[in-house]
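A short write-up of the structure that comes next.
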Amino acid sequence: MFEESPRGGRWSAVWWPAVTAVAATLFWLLLSPETLRWLIAENGPIEGTNAALYFVCSLIFLLTRRIEPATRVALGVLFAAFGAREMDWHKALTGKSVLKVSYYLGDAPWQQRLLAFIAVALVAAAVLTLLLRQAGPLLHHWRRRDPVASSVVIFAVTMFITKVIDRMENLLAEDWGIVFAPETGLLIGSLEETIELSLPLIALVAWAQFRAMRR
């Protein structure tokens with residue numbers, strides 16, 4: 001997937017997390033608490049848009065024949081999984097997450113557990129495929145200031161930041177006894193959900209850079 005590419009636009013993708021962070025802060029400053037809660041709610045407008053963009057990314061990667069077949073399929077599966085996770089489909093069978101070991105040790109019908117295990121195994125295989133086939137080239141081209149590799153790194157860093165923001169409030173309360181005011185909690189929730197929206201957009205920037213490189 002990674003090849004020699006133009007040197008321009010290396011940091012194009014970084015604009016998306018920056019813009020969404022500013023948007024999240026403006027939402028918090030300008031919207032009423034009720035409207036903001038509706039906007040960032042589970043399966044609300046932002047999360048629904050994020051899921052739809054993930055599915056768009058999945059389809060685009062699957063249809064991009066210039067990407068080698070194994071990587072193309074792995075990206076398609078992974079981004080479809082991201083979209084499904086945003087829609088809470090991992091809890092659709094019994095209300096419990098199929099991403100937890102306790103689900104498979106529970107009393108769900110064995111057919112459901114088998115179906116869930118196959119789906120999770122497919123996603124794990126996709127991640128493993130990407131690591132084995134692209135981790136080395138990614139590091140090599142990142143060192144050479146490649147725009148596509150830079151966008152992939154920005155994607156990974158942004159995802160890590162959103163996970164930290166998501167867990168920060170609970171971890172501080174459980175480990176340190178620090179409890180935020182409701183208004184601060186709303187800001188944290190707005191940042192987490194809105195910055196997550198930048199992830200599929202970063203992926204689309206990387207895809208556009210890849211297409212420009214190949215042309």
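All figures in this text were calculated on a predicted structure; none of them were measured in a lab.
Atom CD1 of residue Ile195 and atom CG of residue Asn50 lie 12.0 Å apart, to the nearest 0.5 angstrom. To the nearest 0.5 Å, atoms CZ (Phe79) and CZ (Arg85) are separated by 15.5 Å. Atom CD of residue Gln111 and atom CZ of residue Arg113 lie 9.0 Å apart, to the nearest 0.5 angstrom. Between atom CG of residue Leu78 and atom OG1 of residue Thr71 there is a gap of 12.0 Å, rounded to the nearest 0.5 Å. How far CH2 of Trp142 is from OG of Ser151: 10.0 Å, rounded to the nearest 0.5 Å. Atom SG in Cys57 sits 11.0 Å away from atom CG in Leu62 (nearest 0.5 Å).
Cation-pi contact between Arg66 and Trp207: absent, since separation from the ring centre below 6.0 Å together with deviation from the ring axis within 45° is not met.
Both Leu75 and Val127 are members of a single hydrophobic cluster when ILVMFWY side chains are connected at heavy-atom separations under 4.5 Å. Cluster annotation: Leu131 is connected to Val73 through the hydrophobic network of ILVMFWY side chains, with a link wherever side-chain heavy atoms come within less than 4.5 Å. No path of Ile, Leu, Val, Met, Phe, Trp and Tyr side chains, each step under 4.5 Å between heavy atoms, connects Leu114 with Val101, placing them in separate hydrophobic clusters. One hydrophobic cluster, built from ILVMFWY side chains closer than 4.5 Å, cannot hold both Leu191 and Trp15; they sit in different ones.
Here side chain to side chain donor-acceptor pair (under 3.5 Å) pairs that include residues 33-46, with residues two or more places apart or in two chains, are Ser32-Thr35.
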Do any side-chain atoms of residues 115-124 form donor-acceptor pairs under 3.5 angstrom with protein atoms, and if so which ones, sequence neighbours left out?
none

Which atom pairs, donor and acceptor, lie under 3.5 Å between side-chain atoms of residues 154-163 and protein residues at least two apart or in another chain?
from, atom 1, to, atom 2, distance (Å)
Thr158, OG1, Ile154, O, 2.7
Thr162, OG1, Met159, O, 2.7

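The minimum heavy-atom distance linking Ala70 with Thr129 is given by the pair O-CG2, 4.1 Å. When all heavy atoms are compared, the tightest approach of Glu196 to Tyr54 is O-OH, 4.3 Å. When all heavy atoms of Glu183 and Trp28 are compared, the closest pair comes out as O-NE1, 2.8 Å. Smallest separation of non-hydrogen atoms from Thr194 and Ala23: CG2-CB, 4.3 Å. Scanning all heavy atoms of the two residues, the minimum distance from Phe61 to Gly76 falls at CB-N, 4.4 Å. Taking all atoms of both residues into account, the shortest heavy-atom contact from Ile40 to Gly189 is CD1-C, 3.7 Å.
Side-chain contact between Arg72 and Arg65: present, with at least one pair of heavy atoms (C-beta onward) separated by less than 4.5 Å.
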key: side chain to side chain contact (heavy atoms under 4.5 Å, CB included) between Leu201 and Val19, worked out   = CA-CA 11 Å; Leu201 298 174; Val19 167; over 6 Å; no
request  = Could you check Ser190 against Leu36 for side chain to side chain contact (heavy atoms under 4.5 Å, CB included), going step by step and ending with a plain yes or no?
outcome  = CA-CA 8 Å; Ser190 180; Leu36 183 55; 3.9 Å; yes
request  = Determine, stepwise, if the pair Gln209 / Arg10 fulfils side chain to side chain contact (heavy atoms under 4.5 Å, CB included).
outcome  = CA-CA 9 Å; Gln209 290 170 327; Arg10 183 188 182 194; over 6 Å; no
task = Could you go through the side chain to side chain contact (heavy atoms under 4.5 Å, CB included) check for His141 and Val148 one step at a time?
result = CA-CA 8 Å; His141 287 284; Val148 180; over 6 Å; no
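The closest donor-acceptor contact from the side chain of Thr49 to the backbone of Pro45 lies under 3.5 Å.
For Leu63, the side-chain contact (heavy atoms from CB on, under 4.5 Å) partners at least two apart in sequence or on another chain are Leu59. For the side-chain contact (heavy atoms from CB on, under 4.5 Å) test, residues two or more places apart in sequence or in another chain that qualify with Asp166 are Glu192. Considering only residues two or more places apart in sequence or on other chains, Ala84 meets the side-chain contact (heavy atoms from CB on, under 4.5 Å) condition with Trp89.
A salt bridge does not link Asp146 with Arg143: none of the charged nitrogens is closer than 4.0 Å to a carboxylate oxygen.
The local environment of CH2 in Trp110 is sparse, with at most 12 non-hydrogen atoms from other residues, nucleotides or ligands closer than 6.0 Å.
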